[in-house]
Amino acid sequence: MQRKILFNVNGNDEIINRRMIKGNVTNLFNLNNVKYQWANKLYRLMMENFWIPEKVSLFDDKRAYNELTPAEQNAYDGILSFLVFLDSIQTNNLPNISDYITAPEVNLILAIQTYQEAVHSQSYAYIIESIIPAEKRAFIYDRWREDKVLLERNKYIAEIYQDFIDERNDKNFARVLIANFLLEGVYFYNGFNFFYNLAARSLMIGTADEIKYINRDELTHCVIFANIIKEIRKEHSTFFSDDEIHEMFARAVEQEITWSNHIIGDNVMGITSETIEKYTKYIANKRLRDIGMPPLFEGYDVNPYQHLEKISDTNGEGNVKGNFFEANVSSYNQSTAVEGWDEI
Ligand SMILES: [Fe+2]
Ligand SMILES: [Fe+2]
């Protein structure tokens, strides 16, 4: 694949010529002329979702952390370790993707996504510093050095991203896009549900509030990649291999279940190895439908954690998970100074 020319004097920005990849744009941000209208809507929604981690008080969580069982503490720490990895690699890798996307309106929201991933990294630092005892903090970042299951899955994602950096061909880029979609749409969610599950028992409420903000951002990222994939499938019918997408989904689901059993298993009230499997296959099926593909796991169409949706507050009216394109400002936005976005 050809990396974009920074200022392409031979480019043509007319909408009719615009393509998600392999287009020929000047790379000026002419945002009055936009082909992919969903990107404009997402831009507004993402800006509206602005938040600051330190505005959430974690004071009570410090005490509540000591009341968790050893298994719950281990899961809490381990999930943070994985989240730290996911957001780190996203912040670092998104610009590599943007270099090959030839729709300025999409480059713009990828830049916002990159900044949001950086905020997420900052929120983990804030959580770790506020809650985790000093002697355990370094281990949250270094756990992958000792935990083979964590290392395995971190490496799986990193290698797909690295392959494209090393060899910039269509096949590797297609895999990067699917891996991103899996990361944003599947990998986070067993971890998120662990925190919502604690909050349902009135434990670690501040952490759950932080996670809600992160969850809300991740859902918009998931929509970005679903839309990028759908547009490329329309414009280049052979760019993706359906078999390969299904294969990557199957592998991701297997790793997600192995990891969640390893770090949570049957040791935390409200979560069992059965709910982990049901949830992971349910969310994978849902994401496949989101990109217009048939589901992979027959009979996994019900969310076993439906009762947690009230807590996660991401399924109600005015939210991306409910109906993204009709979404209004959600109840927990911090950017009240910004007005005039209500029509989104
Ligand atoms: Fe993130
Ligand atoms: Fe993300």
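Order of appearance sets the numbers: ligands from 1, and atoms from 1 within every ligand. Note: hydrogens, waters and symmetry copies are ignored here, and every other heavy atom, side chains too, is used.
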Discussion item. Tell me which pairs pass ring-ring contact (aromatic ring centres under 6.0 Å, His included) where either residue lies in residues 218-248, with sequence neighbours left out.
Written reply: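 Listed by first then second residue: nothing to list.
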
Worksheet item: What's the count of protein N, O or S atoms under 2.8 Å from the Fe ion (ligand 2)?
Response: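 My tally for this metal is 5.
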
Fill in: ring pair (Phe, Tyr, Trp, His ring centres under 6.0 Å) assessment of Trp259 paired with Phe82
CA-CA 10 Å; Trp259 162 251; Phe82 185 48; 5.7 Å; yes

Item to complete: Using salt bridge (Lys or Arg N to Asp or Glu O under 4.0 Å) as the criterion, list what pairs up with Lys35, not counting sequence neighbours.
Response: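 Applying salt bridge (Lys or Arg N to Asp or Glu O under 4.0 Å) to Lys35 gives Glu235.
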
Worksheet entry | Verdict with reasoning, Tyr282 to Tyr300, per ring pair (Phe, Tyr, Trp, His ring centres under 6.0 Å) | CA-CA 5 Å; Tyr282 152 81; Tyr300 289 88; 9.7 Å; no

Atom pairs and distances, donor-acceptor, side-chain atoms in residues 290-297, under 3.5 Å, two or more places apart:
unit_1, atom_1, unit_2, atom_2, d
Asp290, OD2, Arg287, NH1, 3.4

Discussion item. Is it the case that the ring center of Tyr76 lies less than 6.0 angstrom away from the ring center of Tyr65?
Written reply: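 Yes, ring centres under 6.0 Å apart.
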
